[in-house]
Protein chains: 2
Amino acid sequence: MANIHEVAKQAGVSSATVSRVLNNTSSVTEKTRQKVEQAIKELNYEPSMLGRNLRNSESRLLLVLIPNFSNPYYTEIINGIEDFSVERGYNILLCETDSNPTRENTFFNMVKNKLADGIISMDPTINMAKLQELAKKHSIVLCSEYDELERIPYVAIDNEAAAYKVMKHLIRLGHENIALINSDEKFLYARQRRKGYERALKEFDLPLRKEYIYNTNNLDFQGGAQAMRKLLQLDEIPTAAFAVSDTLAIGALKELNVKGMDVPDAFALVGFDNISFSNMTNPTLTTVAQPMYQMGIAAANMLIDQLQGKPVDSVMLEHELIIRESTLN
Amino acid sequence: MANIHEVAKQAGVSSATVSRVLNNTSSVTEKTRQKVEQAIKELNYEPSMLGRNLRNSESRLLLVLIPNFSNPYYTEIINGIEDFSVERGYNILLCETDSNPTRENTFFNMVKNKLADGIISMDPTINMAKLQELAKKHSIVLCSEYDELERIPYVAIDNEAAAYKVMKHLIRLGHENIALINSDEKFLYARQRRKGYERALKEFDLPLRKEYIYNTNNLDFQGGAQAMRKLLQLDEIPTAAFAVSDTLAIGALKELNVKGMDVPDAFALVGFDNISFSNMTNPTLTTVAQPMYQMGIAAANMLIDQLQGKPVDSVMLEHELIIRESTLN
DNA sequence: ATGAAAGCGCTAACAT
DNA sequence: ATGTTAGCGCTTTCAT
């Protein structure tokens, strides 16, 4: 592959001029431009990003950290990040941490040693202390899960309000025994959604029953199925459940199917995230929709602004309760 | 962030020696090594990949091309690619082409201008001619969908045999009117699976009915639902269907649910891919499992071997029919 | 065993 | 408007 000097030679100009044509950074005569472009075509020249990046000391690569690829919740956010980044001349590198500190370190190092310019983290399991340390010298944005101390800018939704809204919906349908299938409460969103759950109970004078709260450390289908299995073994079986993710809710629904419990007649169910599957289950799943694509756009926008030295502020976006068959009546 | 010269100065050696310590490429006295490592720690030094990559003219970045993030079929393959690549010192960049030629070109250019070392393409919609052109000078591997002329090494399964196996299973259950919900037959896998479908019909002396073959250009749930809607409008409604992806099958199943058709009693259904959700539907879905993780490993292995100048051969991996509730009896 | 120096491909400051 | 030159951070001959 030809380099910039060969192009310059071929065009009979200096490499600086070729660079000028490439980046149209300062004026070049139409005639020289023609010559250069001609030479570029003839030699089939493609500028080396390696050289350019070294010179500019930037990679135009953004890291997007997610715990694993398997959770469809992330895909739509990623689409937003991707679309926006590409538009502004950045590429994104999707990084699966597997909640593994070694992997995590690999990605942090990529930023430190200039292989990537910044990070959008959607990984709730991330080592927040290390990330904050990194944030002192590099650009970082959080998405979905955020830092309570707010030292790193984030884009998120009001989890407590969303959970409260879900509960209010269930309570209005007449449910009094409502379970919460929550994830590990070491995560901020889990604590926030629990808060909303409890606030609704209190406001409607319903008792808070410890045995109705199930914490799982497995966010996939299996986790939801197992949670429901436990709930159905209780002396007084709840009549509804709010699962903090659609994957959990779908697993729970499967378990209800297996046990022959009719949804929503015998048991009402609500999920969270509005993943595409949630509209394919039987019955379809009531859930909370986050403006995922918008969140992705916002996160990418904030990160790139930050990279370009502009000031950025955290944002809270709106959510929406989507009522479907699993809570009809 | 300190650079290699500052480390050298701090340690009282030359930058060449620091480089030697970093890459333990030639012998260095234990004492000097100590000094250097000390200096590295003190300055919190991280070698710049930008400099290293430019010098070595490699990026240690592999591109993985997929049509879009939303299809869970790819996730497990990606896991395999990722795990293996990281082990061999490469990172992967997940590239969503959206079947958009412009995006595609962006990624091809990344290889041309040294931002990435090679490509694993899982995108059936890719411009094969351009890819072949690129393959003349760069390392490329195909996964799942491949090049009939076999000029680019690939890892795949025997689609025709898999489709035949599915049909044989349905025919043995007594079905004679079996529909095929296929994707666009511009894709090789679609043609191959149709071949298997037809071969089974012929072998069992069943008529090939054109109206039982539905081609969709939309591989998601909606595509499957729409296909089933059409099939259920036929004069002689089929009693079973083979959908060439689980997403299609799940959409079809949803439509059957909506129409109140019992699966498998009134209608048997088979999918393809064994995505995790296929075990969460009601009823659970019979499907063909591909060894996705293994495919990912194999593809990454082939690409890295190729980059290192080793000869590589295409491979065909085994598949397996997973019988679940949607075809029980 | 270690150092000096060249150079990977590019851009930008400075000079003309 | 264009050319000259230095240098981004690293590795690797070639000397010593």
Side-chain angles (χ1 to χ4, degrees), chain A residues 1-40 43-61 89 109-117 137, chain B residues 1-40 43-61 89 109-117 137:
Chain A
M1 182 68 58
N3 66 23
I4 199 170
H5 289 108
E6 302 178 51
V7 174
K9 201 171 143 196
Q10 172 99 353
V13 299
S14 77
S15 58
T17 301
V18 177
S19 175
R20 287 185 186 106
V21 171
L22 252 30
N23 306 289
N24 53 17
T25 168
S26 84
S27 49
V28 175
T29 347
E30 187 50 30
K31 212 171 72 186
T32 2
R33 151 167 275 110
Q34 300 271 332
K35 279 192 299 182
V36 171
E37 277 167 355
Q38 175 69 18
I40 289 176
L43 296 179
N44 222 313
Y45 167 72
E46 300 275 352
S48 158
M49 287 303 160
L50 251 35
R52 176 176 292 172
N53 290 346
L54 175 60
R55 171 64 217 221
N56 297 341
S57 85
E58 65 168 10
S59 63
R60 300 219 143 224
L61 201 59
N109 279 335
M110 288 181 71
V111 174
K112 284 189 195 158
N113 58 36
K114 299 287 188 180
L115 247 194
D117 292 345
K137 297 197 168 190
Chain B
M1 180 69 56
N3 66 21
I4 198 169
H5 289 107
E6 303 178 52
V7 174
K9 200 170 145 196
Q10 172 100 350
V13 298
S14 77
S15 59
T17 301
V18 177
S19 174
R20 287 184 186 108
V21 172
L22 250 32
N23 306 288
N24 54 16
T25 170
S26 84
S27 49
V28 175
T29 346
E30 188 50 31
K31 214 171 72 186
T32 0
R33 151 166 275 110
Q34 300 271 332
K35 278 193 298 184
V36 171
E37 278 167 353
Q38 176 68 16
I40 289 177
L43 296 178
N44 224 315
Y45 168 71
E46 300 273 352
S48 156
M49 287 303 160
L50 250 36
R52 178 176 289 172
N53 290 346
L54 174 60
R55 171 65 217 219
N56 297 340
S57 83
E58 62 168 10
S59 64
R60 300 218 141 227
L61 201 59
N109 279 335
M110 287 182 70
V111 174
K112 284 190 194 154
N113 58 33
K114 298 288 188 181
L115 246 195
D117 292 346
K137 297 195 167 193

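Proteins get letters first, then strands, A, B, ... in listed order; numbering begins at 1 in each. Here the structure is a predicted model, which means the values were calculated and not measured.
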Between which nucleotides of DNA chain C, 5' to 3', does chain A make heavy-atom contacts below 4.0 Å?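 Under 4.0 Å from chain A, the extent on DNA chain C is C/dG9 to C/dA13.
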In whole angstroms, how far is the [atom2] atom of [N] from the [atom1] atom of [X]?
X     : N      : atom1 : atom2 : value
B/Y45 : D/dG9  : OH    : C1'   : 7 Å
B/I40 : D/dC10 : CD1   : P     : 10 Å
B/L50 : D/dC8  : CG    : P     : 13 Å
B/E58 : D/dC10 : CD    : C1'   : 13 Å
A/E30 : D/dT2  : CD    : P     : 11 Å

Hey, are B/E30 and B/Q34 close enough side-chain-wise for a donor-acceptor pair under 3.5 Å? yes
Minimum heavy-atom distance between [X] and [Y], given as atom pair plus value:
X     : Y      : answer
B/V36 : B/A11  : CA-CB, 3.9 Å
B/S59 : B/D117 : N-OD1, 2.9 Å
B/R33 : B/V28  : N-CG1, 3.8 Å

Hey, does the side chain of A/T29 reach the backbone of A/K31 with a donor-acceptor pair shorter than 3.5 angstrom?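 Absent.
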Would the distance check show the side chain of A/N3 and the main-chain N or O of A/H5 forming a donor-acceptor pair, the cut-off being under 3.5 Å? yes
The residue, B/N56 or A/S27, whose nearest nucleotide of DNA chain D is more 5′ is A/S27
Can you tell me if [X] touches the phosphate of [N], counting only side-chain N or O atoms and a distance under 4.0 Å to OP1 or OP2?
X     : N      : result
B/N3  : D/dC10 : no
B/S48 : D/dC10 : no
B/R55 : D/dG9  : no
A/S26 : D/dA1  : no

Under the side-chain hydrogen bond (donor to acceptor under 3.5 Å, both in side chains) rule, collect the residues that match up with B/S57, sequence neighbours excluded.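 Here no residue qualifies.
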Classify the nucleic acid contact of B/N53 as base, sugar-phosphate or nothing, counting any heavy atom under 4.0 Å across all strands shown. nothing
For A/T25, report the nucleic acid contact type (base, sugar-phosphate, nothing); a contact means any heavy atom under 4.0 Å.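 A/T25: no heavy atom of the nucleic acid under 4.0 Å.
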If you define the side chain from C-beta out and look only at heavy atoms, does anything of B/R20 sit under 4.5 Å from B/V13?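 No - every pair of side-chain heavy atoms lies 4.5 Å or more apart.
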Is any side-chain heavy atom of B/L115 less than 4.5 Å from a side-chain heavy atom of B/L61? no
Contacts to DNA chain C from residues 4-19 of chain B, heavy-atom cutoff under 4.0 Å, which residues? B/G12, B/V13, B/S14, B/A16, B/T17
For B/T29 and B/L54, find the nucleotide of DNA chain C closest to each by heavy atoms; which residue's nucleotide sits nearer the 5' end? B/T29
